[in-house]
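The next block holds one structure in the form of structure tokens; read it before the comments.
Because the structure is a prediction, the values reported are computed rather than measured. Sequence positions, counted from 1, serve as the residue numbers for this chain.
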Amino acid sequence: MASGESAQILQSDQIPHRNAAAEPASEHSVTTDLAYSVFTTWQKKGIVLAVSIAAVFSPMSTTIYLPALNQIASDLHVTSSQINLTVTTFLILQGIAPMMIAGFSDGAGRRPAYNFCFIIYIGANIGLALQRNYAALLVLRCVQSAGSSGTMALCNGVVADMISSAERGVYIAYTSVPTIIGPIIGPILGGLIAQYLGCWWIFWILTIWSGATFILLLLFLPETCRRVVGDGSIPPPKLNQSLTNIIRERNRAKAGIAVDAAQQADVRNNYHLSFPNPLSTLVIATDKEGALILFCGGLNVALLYAITTGIPSQFGKIYGFNELQLGLVYIPFGSGSLISAFTTGKLVDWNYRKHAKRNGFPQTKNRYQDLANFPIERARLEVALPLLYISVLGMIGYGWVLDFRTSLGGPLVFLFVFGYGSMAAFQVLQILMIDIYPGNAAAATAASNLFRCLLGAGSTALVVPMIDRLGAGWTYTFASLIWLTFSPLLWALMWYGPRWRKATKVKKADIPQGDLGEDVEEERKTAVVAPAQMQEQHREEAASAVIIQT
């Protein structure tokens, strides 16, 4: 262990911890000098990279299958409509399944949830590679979707475990890269495999790739869930341990760093294994703030699906492109999306610092911070709303240049603009969801996934018939006007969001203890403590730290 890390961990262990298990401490009612996480910057980056790679299987499994549809339909002697049903059911399960795994991971930990997802996913891929029956294909595609779709929710949950609000923008932006890369390289990879190895080898390749990834995660991914390991300094239960956890514990013991008994007792009380259920996700989906963000974010993704789904038919009809050329058309859209992944996070964090300075809010990274009186909705939506309007302009322009059959450069430029604005806005809304529901980050992402998939499936089914009837210009203009009609919801959230958050905390504080689920019980305990009492507690903790250090 490096000396810098030892010093950081030692300082964290010397100071008594407050309950960090129920929700990330950035949302507790006091700002302290305690480290938000004992993981170093490089460790955080390594963990985020690992879970981002794991998350690529969700979007990849959606698109790698598409180029082989005609070949699979021929092998199984079914119609195109029947084989397309396997795509529809996959998307439906992709929206529903994360609701089950998210709440489970927020209580039992990330590692058991990852193990569950990958075992299901690998088993489904093996079954898909071996079967030659349409009914089996339909069922196993649903199982494959259920296994892969939870990885994105878990990815964002891991980020929320380790990263405070002040630096969350950059890390969440990095985790969006799999969402962008998967749909781009999926069809290319699937087409190559189907052409040279056969369509069923797609599932063998996914089995090998996911199996290798699972082994690496099983050995080296540390447990990060704050209900299980607190700030990362508490040894996890045996079920949640990895080699890195064992090595870290031994190094800390050699350095003479004792485990904080109070924090360990807190996280052990919050640790529980339970049957996966969608309750925590449904609670977020029906909450006032959550529902507004999810609906508007879902509409944004529906516009994205309307664009990408219409590309093959439009460019094939207007420009006479073959399959390879159609695949290349997605490059400008993917390029804009990829650029957004590496620029939006910095913009989000810059706007956060601007509001922090304006409100006299501490601008420290990796520290416990109180967001109760911070306008986090304004800080995020001031970035998201302009990006959403940029994507709308890009969509309208794209539709009309297709209608006027301009040179190829016209629609490609608008695809780039739309890709940048749409994906950047989606990232910011994801960050805001985690800011508002930090203790249930995986459940918040699952709720977002539900709205995204269901609204996206609807736009996918409607866009081509609408273009055939109305033309591309009016179809995409109509879709944009729908979004513009609902965009004032985000303006309302910007103005009234902080008031709604305070009212929610007060409401939770008034509910009898036995009526709350375990996920929000500790938040209730924090909400009922008066700010003055919390400040007094903080002063006592600081005094205790001085005594220990002397």
Could you go step by step and tell me if Ile64 and Leu206 meet the side-chain contact (heavy atoms from CB on, under 4.5 Å) rule? CA-CA 9 Å; Ile64 196 173; Leu206 289 176; 4.1 Å; yes
side-chain contact (heavy atoms from CB on, under 4.5 Å) assessment of Ser391 paired with Phe418: CA-CA 4 Å; Ser391 70; Phe418 175 80; 4.1 Å; yes
Could you walk me through whether Trp483 and Cys296 pass side-chain contact (heavy atoms from CB on, under 4.5 Å), step by step? CA-CA 8 Å; Trp483 158 244; Cys296 292; 3.8 Å; yes
Could you please spell out the steps behind the side chain to side chain donor-acceptor pair (under 3.5 Å) verdict for Trp200 and Asp75? CA-CA 10 Å; Trp200 304 111; Asp75 286 355; 3.3 Å; yes
Does Val428 form a side-chain contact (heavy atoms from CB on, under 4.5 Å) with Leu347? I'd like the steps, not just the answer. CA-CA 10 Å; Val428 180; Leu347 183 61; over 6 Å; no
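Shortest non-hydrogen contact noted between Gly497 and Glu377 is C-OE2, 3.4 Å. The minimum heavy-atom distance between Thr244 and Leu221, with the atom names listed, is OG1-C, 4.1 Å. The two atoms that bring Cys117 and Gly147 nearest to each other are CB-O, 3.3 Å, heavy atoms only. Scanning both residues, Cys199 and Gln71, for their nearest heavy atoms gives N-OE1, 2.9 Å. The nearest pair of heavy atoms linking Pro411 to Ser407 is CD-O, 3.3 Å. Across all their heavy atoms, Ile318 and Leu402 have their closest contact at CD1-O, 3.6 Å.
By the 4.5 Å heavy-atom criterion applied to side chains, Phe315 and Leu408 are counted as neighbours. Counting heavy atoms from C-beta outward, Thr344 and Met423 have side chains that stay 4.5 Å or more apart. Considering only heavy atoms from C-beta on, Phe333 stays 4.5 Å or farther from Phe416 through its side chain. The closest side-chain heavy-atom distance from Lys317 to Asp468 is below 4.5 Å. Looking at Val158 and Ile47, their side chains come closer than 4.5 Å, going by heavy atoms from C-beta outward. Residues Ser105 and Phe116 fail the side-chain proximity criterion, which asks for heavy atoms closer than 4.5 Å. Contact check for Val51 versus Tyr114: side-chain heavy atoms found under the 4.5 Å cut-off. Side chains of Tyr420 and Ser335 form no contact here, defined as non-hydrogen atoms less than 4.5 Å apart.
In summary, Arg110 and Asp161 engage in a salt bridge, as defined by a charged side-chain N under 4.0 Å from a carboxylate O.
In this structure, CD1 on Ile482 lies 11.5 Å from OG1 on Thr477, to the nearest 0.5 angstrom. A distance of 11.0 Å separates CD in Glu289 from CG in Leu294, rounded to the nearest 0.5 Å. Rounding to the nearest 0.5 angstrom, the gap separating the CG atom in Leu387 from the CG atom in Leu429 is 9.5 Å. One distance of note links CD1 of Ile126 with CD1 of Ile208; it measures 10.0 Å at 0.5 Å rounding. Considering CE of Met395 and CG of Leu304, their distance stands at 8.5 Å, rounded to 0.5 Å. Between Tyr134 atom OH and His77 atom NE2 the span is 15.0 Å, to the nearest 0.5 Å.
In this structure, Arg111 contributes its side chain and Ala108 its backbone to no donor-acceptor pair below 3.5 Å. A distance-only check finds a donor-acceptor pair linking the side chain of Thr475 to the backbone of Met466 [under 3.5 Å]. Gln131 contributes a side-chain N or O that, together with a main-chain N or O of Leu128, makes up a donor-acceptor pair within less than 3.5 Å. Proximity of a side-chain donor or acceptor of Ser61 to a complementary backbone N or O of Ser58 within less than 3.5 Å is not detected. Judged purely by atom type and a 3.5 angstrom limit, Gln314 has no side-chain atom pairing as donor or acceptor with the backbone of Ile311. The main-chain N or O of Cys225 is found under 3.5 Å from a side-chain atom of Glu223 such that the two form a donor-acceptor pair. At least one donor-acceptor pair closer than 3.5 Å links the side chain of Ser145 to the backbone N or O of Phe90. At distances below 3.5 Å, at least one donor-acceptor pair connects side-chain atoms of Ser210 with backbone N or O atoms of Thr207.
No hydrogens or angles considered: a donor-acceptor pair under 3.5 Å links the side chains of Tyr389 and Ser487. Looking at Asp287 and Trp500, their side chains never bring a donor and an acceptor atom within 3.5 Å of each other. Of the N and O atoms on the side chains of Thr86 and Tyr65, at least one donor lies less than 3.5 Å from an acceptor on the other residue. Thr62 and Gln94 are linked by a side-chain donor-acceptor pair at a separation below 3.5 angstrom, with hydrogens and angles left out of the test.
In this structure, Phe118 and Tyr121 have perpendicular ring planes: the angle between them is above 60°, well past the 30° mark. Between Trp400 and Trp474, the ring planes lie perpendicular to each other; the angle is over 60°, past the 30° to 60° tilted range.
Annotation: cation-pi pair Arg380/Tyr352 absent, no NZ/CZ under 6.0 Å from the ring centroid and within 45° of its normal.
No more than 12 heavy-atom neighbours from other residues, nucleotides or ligands sit within 6.0 angstrom of CZ on Arg469. Around OH of Tyr496, the count of heavy atoms belonging to other residues, nucleotides or ligands within 6.0 Å does not exceed 12.
For the side chain to side chain contact (heavy atoms under 4.5 Å, CB included) criterion with Asn115, the lone passing option out of Ile120, Leu217, Leu218 is Leu218. Ile202 pairs with exactly one of Leu197, Ile72, Ile193 by the side chain to side chain contact (heavy atoms under 4.5 Å, CB included) rule, that one being Ile193.
In summary, the aromatic rings of Phe57 and Trp209 are positioned with their centroids under 6.0 Å apart. In this structure, Tyr476 has its ring center under 6.0 Å from that of Tyr398. Taking the six-membered ring for Trp, Phe451 and Phe295 have ring centres at least 6.0 Å apart.
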